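Notes for the one structure printed next.
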Amino acid sequence: MPNEVLRRSAPFLKIEGLSKRYRDDLPPVFENINFRIDRGEFVCIIGHSGCGKSTILNVVAGLEEATSGVAVIDNKEITGPGLDRGVVFQNHSLLPWLTVEQNIAFAVRSRHPDWSRQKVAEHGARFLEMVGLKGASRKKPSELSGGMKQRVGIARAFAIEPQMLLMDEPFGALDALTRGVIQDELLKICAATRQTVFMITHDVDEAILLADKIMLMSNGPHARLAEIVVNTLPRERNRETIHHDPQFYRIRNHLVDFLVRRSKLIQAAGPATGEEAPVIATPGVESGAGGDAGPRAGRVKIVARGAGSPC
Amino acid sequence: MTKSLRLRGAVLSLAILAVFLLTWQIATTPAKTTAPSGADREYAELMGNSATGAALANGVPTPAQFASLAWKQLSDPFYDRGPNDKGIGVQLAYSLGRVALGYAIAALIAIPLGFFIGMSPLLYAALDPYIQLLKPISPLAWMPIALYTIKDSATSAIFVIFICSVWPMLINTAFGVAGVRKDWLNVARTLEVGPLRKAFLVILPAAAPTIITGMRISMGIAWLVIVAAEMLIGGTGIGYFVWNQWNNLSLGNVIFAVLMIGVIGMLLDSLFANLQKKVTYAE
Ligand SMILES: Nc1ncnc2c1ncn2[C@@H]1O[C@H](COP(=O)(O)OP(=O)(O)O)[C@@H](O)[C@H]1O
Ligand SMILES: [Mg+2]
């Protein structure tokens, strides 16, 4: 199953040889980043702070320019921001002088300038309902809790019905309880809409719950995309039962081991030569078995190298 | 708690007023010899304001005299009996008209220009030295240049109002526009919002509190400056009125006009305070 996803041709998002240098006298933050995301995939990226995750996401969003390399979406090179990509900002970035419904209407009207006022309002209300905030539509962002604001940000991004959703640590500032509730909502919405998502997180559990693929970055500067971990849990995951699956811990241990140990080793091994491709890892599944072996079948297998073409 | 604080504040305010009035009364109670006879007082009242002024020519009126003078002025504020005898309302209207005109022209120029300066670092760098140089010049220092070039004293007064109110609005607009949070601009960018929509729906509301603050400062300065300008140009206006009454040695009218200047200034300021409250947003 996962290998099928990786092998499919004409990916929706293609990143090739991406590197970024903010200043000429400093080493590049990251270099030679290559990855692909297919339609309908939910991809998380994890790495220590400063490795350039936000920069990569901003390049995909078109808000930042890479020093070298290309980002191609739907066969078009990304040269600037666009309505085909919806961004959920880390600090929600709602316009504080507008009410919740006005914030969403602002986005909807940008997407559909020809729509009537009523149609814009109805469309927005649908997405507010989706994140469970219908009752707060007349409130200003300052009257909402952090979790509610983030949900409005998500509703705003979904309301323009983008081809791809980009989220930069959307739940980073939330308490664990609120985060869980919103994760569930997001999971439901994405399953229903088959939304393509690229999301940054620093929460390993969140990544395993939400993502189909988890990309691991080594430390910066000279950060690289070191591994692409395929989530070998079945797609119908849910926050309450996921912890009962022993496979969950195999993936989790693999990710944590990367963050505490391997991410430094890769950086210490020196800058990228341009040749190495990210390792595809399927923790807990025998190498070569792909998705055919049941998720609970294997013992902990750290890395399965070179399975198929690198993503 | 806040309520009781406000109540105590009001009580204290009234107490201060009472002490002030009492001091005033004691300081101005005339010695017996100078007290006017009943006939004199009637005569003075018959003769109207100027006579009252003459009666008070020798000094500051008592609170009671001042109250009757103020009442007389306020009960017929818009009379016009020639160049040197106009009601206080007429004079204030002249001043307000000049301020409104000069201020409006300043706003029409300063706010759009400030917008461009705030959005363009190049324009900011180019114009900043001029702004820094022109800003500290006393508006009255422009008066001779204005009188020479414009040759019309009324227009010169309007020019002086323009030149003094343009800077705070220009600087605050530029500052507010330049300081719009990058996140909000990024929201507009990712939504492919066009330049006009961005200017009016994102930048303007984001910078509005700063812009209104600039407008409020400008209005305060304009109201200060108009009095001085009208003392110089003469003819009409509250500034001229103060100067004229001083020349008449009518101290009561001077004090009354000064009080009116304060009241109007306060009203103008509270107008902008309300406006400010309307556009301020909590983050
Ligand atoms: N605008 C900028 N100018 C200079 N350096 C920057 C800028 N933005 C980010 N950086 C640097 O680039 C590195 C990566 O930043 P970022 O992409 O935010 O990392 P992450 O999101 O993974 O924490 C950091 O070391 C940061 O200091
Ligand atoms: Mg970041």
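Numbered from 1 within each chain, the chains take letters A, B, ... in sequence-line order. Keep in mind that this is a model prediction, so the values were computed, not measured.
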Heavy-atom pair with the smallest gap, counting every atom of A/Pro96 and B/Ala282: CB-O, 3.5 Å
Chain A-proximal positions within residues 189-226 of chain B [heavy-atom distance under 4.5 Å]: B/Arg189, B/Thr190, B/Leu191, B/Glu192, B/Val193, B/Arg197, B/Leu201, B/Val202, B/Pro205, B/Ala206
More than 12 heavy atoms from other groups under 6.0 Å of CZ on A/Phe12: yes
Heavy atoms of other groups near A/Asp24 CG, more than 12 under 6.0 Å: no
More than 12 heavy atoms from other groups under 6.0 Å of CD on A/Gln118: no
Which of A/Pro113, A/Ala61, A/Ser142 touches chain B most, by non-hydrogen pairs under 4.5 Å: A/Ser142
Residues of residues 62-84 of chain A within contact distance of chain B, non-hydrogen under 4.5 Å: A/Gly62, A/Leu63, A/Pro81, A/Gly82, A/Leu83
B/Leu17 atom CG, over 12 foreign heavy atoms within 6.0 Å: yes
Contacting moiety of A/Asn91, where chain B heavy atoms sit under 4.5 Å: side chain
Ring pair (Phe, Tyr, Trp, His ring centres under 6.0 Å) contacts in which one or both residues fall within residues 62-110 of chain A, not counting sequence neighbours: A/Trp97-B/Trp184, A/Trp97-B/Tyr281
A/Tyr22 atom OH: more than 12 heavy-atom contacts under 6.0 Å: yes
Neighbour count above 12 (heavy atom, 6.0 Å) for B/Tyr124 OH: no
B/Tyr94 atom OH, over 12 foreign heavy atoms within 6.0 Å: no
Neighbourhood of chain B inside residues 152-170 of chain A, taking heavy atoms under 4.5 Å as contact: A/Arg156, A/Ile160
